[in-house]
Amino acid sequence: MSCLPPPRHQGSFISAFPRPRCLAAAAPAGKAKLTHPGKAILAGGIAGGIEICITFPTEYVKTQLQLDEKANPPKYRGIGDCVKQTVQSHGVKGLYRGLSSLLYGSIPKSAVRFGVFEFLSNYAKDETGRLDSTRGLLCGLGAGVMEAVLVVCPMETVKVKFIHDQTSANPKYKGFFHGVREIIREKGLRGTYQGLTATVLKQGSNQAIRFFVMTSLKNWYKGDNPNKAVHPLVTGAFGAIAGAASVFGNTPLDVIKTRMQGLEAHKYKSTLDCAVKILRYEGLAAFYKGTVPRLGRVCLDVAIVFIIYEEVVKVLNAVWKTD
């Protein structure tokens with residue numbers, strides 16, 4: 001029989017929740033099944049890898065528009081112009097500049113996100129195996145903070161520097177590993193952790209919002225039957241709604257994070273200083289730069305990830321017995 005261990009520290013985040021039941025005994029008739037964290041880690045990694053290969057061009061455009069500061073003056077007139085100039089200068093493959101850094105990071109990022117979420121939610125669910133919306137938000141917050149610290153901050157720093165480097169007359173980064181090596185050589189390991197505070201705030205709020213919305217919608221859809229099957233298209237629709245909610249909720253944090261990780265991050269003394277300077281010199285609208293391309297990417301991103309995740313978990317449940 002496979003059981004999750006009890007929390008070691010009573011003052012910790014997870015100690016606020018009831019102790020989880022054994023996974024083998026957690027799903028009698030009428031009770032929702034628990035997802036083993038190991039399955040969540042594997043399924044999350046697979047989902048993250050597939051998703052980023054599909055949606056990366058929108059991430060590229062979003063980042064370029066956020067880095068295109070008004071004082072330069074702006075190089076791009078909008079989304080279409082950004083795509084046009086990139087393709088003219090670097091070909092279609094230019095829209096995938098920096099993909100390697102995201103691909104290397106997306107697999108562990110999604111693995112950490114879903115693994116931590118399922119681990120925490122196993123403590124948070126009630127006796128019927130149901131996770132309420134408030135605890136879903138807290139579990140999402142915990143998952144977002146962990147993925148920010150362990151994966152997202154260094155991954156995003158490298159990605160933003162790669163994309164920003166392409167705008168230079170003579171790009172200095174020849175590839176992912178060369179870029180990482182150069183960043184660490186010039187600034188040490190701290191160079192891959194630029195904008196950590198902004199990243200933690202962004203990822204924490206991102207996952208808190210997304211899992212809150214997903215949990216709320218799934219609970220509404222399932223009603224009194226916690227084991228009711230959810231069609232992949234329904235999961236995708238719920239994911240898109242959750243993604244849209246997170247975009248409108250934290251795009252300003254995403255803009256600040258991007259600026260703090262760019263090649264001109266030295267202009268800012270701190271996350272707060274970055275926010276103040278953006279507001280002072282570029283106005284409130286600058287906090288929503290790149291919202292449209294980000295909205296398209298994130299809605300597609302979250303929908304795809306949740307669909308693939310849920311379907312992979314179903315396969316793993318069939319071939320990987322945890323009872």
Side-chain angles (χ1 to χ4, degrees), residues 2-5 14 20-24 26-27 32-56 102-125 129-131 135-136 139-148 150-152 155 203 206-208 210-215 217-219 221-222 226-243 246 298-323:
S2 175
C3 299
L4 291 175
I14 57 178
R21 278 86 44 212
C22 296
L23 291 175
K33 297 178 181 179
L34 300 181
T35 299
H36 191 284
K39 295 178 182 178
I41 291 172
L42 182 56
I46 293 171
I50 295 174
E51 173 275 323
I52 198 60
C53 290
I54 297 173
T55 63
F56 183 78
L102 265 193
L103 187 60
Y104 295 143
S106 286
I107 293 174
K109 177 180 74 173
S110 291
V112 169
R113 176 191 306 166
F114 285 101
V116 172
F117 179 80
E118 294 296 352
F119 175 78
L120 294 177
S121 66
N122 284 340
Y123 284 82
K125 291 175 180 177
R130 182 179 182 276
L131 181 68
R135 289 185 173 182
C139 292
L141 176 62
V145 170
M146 287 300 293
E147 74 173 59
L150 296 179
V151 183
V152 177
M155 177 193 73
Q203 293 303 123
N206 244 351
Q207 303 314 324
R210 291 175 188 176
F211 280 106
F212 171 79
V213 173
M214 280 297 294
T215 301
L217 290 174
K218 287 172 74 174
N219 285 342
Y221 183 81
K222 292 183 176 182
N227 287 314
K228 180 180 179 180
V230 182
H231 192 280
L233 291 180
V234 175
T235 298
F238 289 171
I241 294 171
S246 68
V298 170
C299 289
L300 185 61
D301 167 357
V302 181
I304 291 173
V305 166
F306 274 107
I307 290 174
I308 297 175
Y309 173 76
E310 295 289 350
E311 294 307 301
V312 172
V313 166
K314 291 177 184 177
V315 174
L316 290 177
N317 284 337
V319 299
W320 179 3
K321 302 299 181 182
T322 52
D323 51 0

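The figures that follow rest on heavy atoms only: side chains count, while hydrogens, waters and symmetry mates do not. Throughout, numbering of the chain's residues begins at 1 and tracks the sequence.
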Hey, what do you get for [atom1] ([X]) to [atom2] ([Y]), rounding to the nearest 0.5 Å?
X: M146; Y: L120; atom1: CE; atom2: CG; value: 9.0 Å
X: T235; Y: E311; atom1: OG1; atom2: CD; value: 7.0 Å
X: H36; Y: F119; atom1: NE2; atom2: CZ; value: 11.0 Å
X: L217; Y: I241; atom1: CG; atom2: CD1; value: 5.5 Å

What residues, two or more places apart in sequence or in another chain, satisfy salt bridge (charged side-chain N to carboxylate O under 4.0 Å, His left out) together with R210? none

Please name all residues satisfying salt bridge (charged side-chain N to carboxylate O under 4.0 Å, His left out) with K222, sequence neighbours left out, ordered by chain then number. none

List for me each residue that meets side-chain contact (heavy atoms from CB on, under 4.5 Å) alongside V234, sequence neighbours excluded, and say none if there are none. Y221, V230, H231, F238

Could you tell me which residues satisfy side-chain contact (heavy atoms from CB on, under 4.5 Å) with V312, sequence neighbours excluded, listed by chain and number? A43, I46, I308, L316

Test of understanding: with ring-ring contact (aromatic ring centres under 6.0 Å, His included), list the residues that count as partners of F306, not counting sequence neighbours. F114, F211

Has S106 got a side-chain atom pairing as donor or acceptor with L103's backbone, closer than 3.5 angstrom? no

Could you name each residue pair satisfying salt bridge (charged side-chain N to carboxylate O under 4.0 Å, His left out) that touches residues 299-309, not counting sequence neighbours? R297-D301

I want to check something: taking the side chain as every heavy atom from C-beta on, are N122 and P37 in contact at a cut-off of under 4.5 Å? yes

Can you list every pair that meets side chain to side chain donor-acceptor pair (under 3.5 Å) and has a residue in residues 39-52, with sequence neighbours left out? K39-N317, E51-T55

Please walk me through it: do E147 and V116 pass side chain to side chain contact (heavy atoms under 4.5 Å, CB included)? CA-CA 9 Å; E147 74 173 59; V116 172; over 6 Å; no

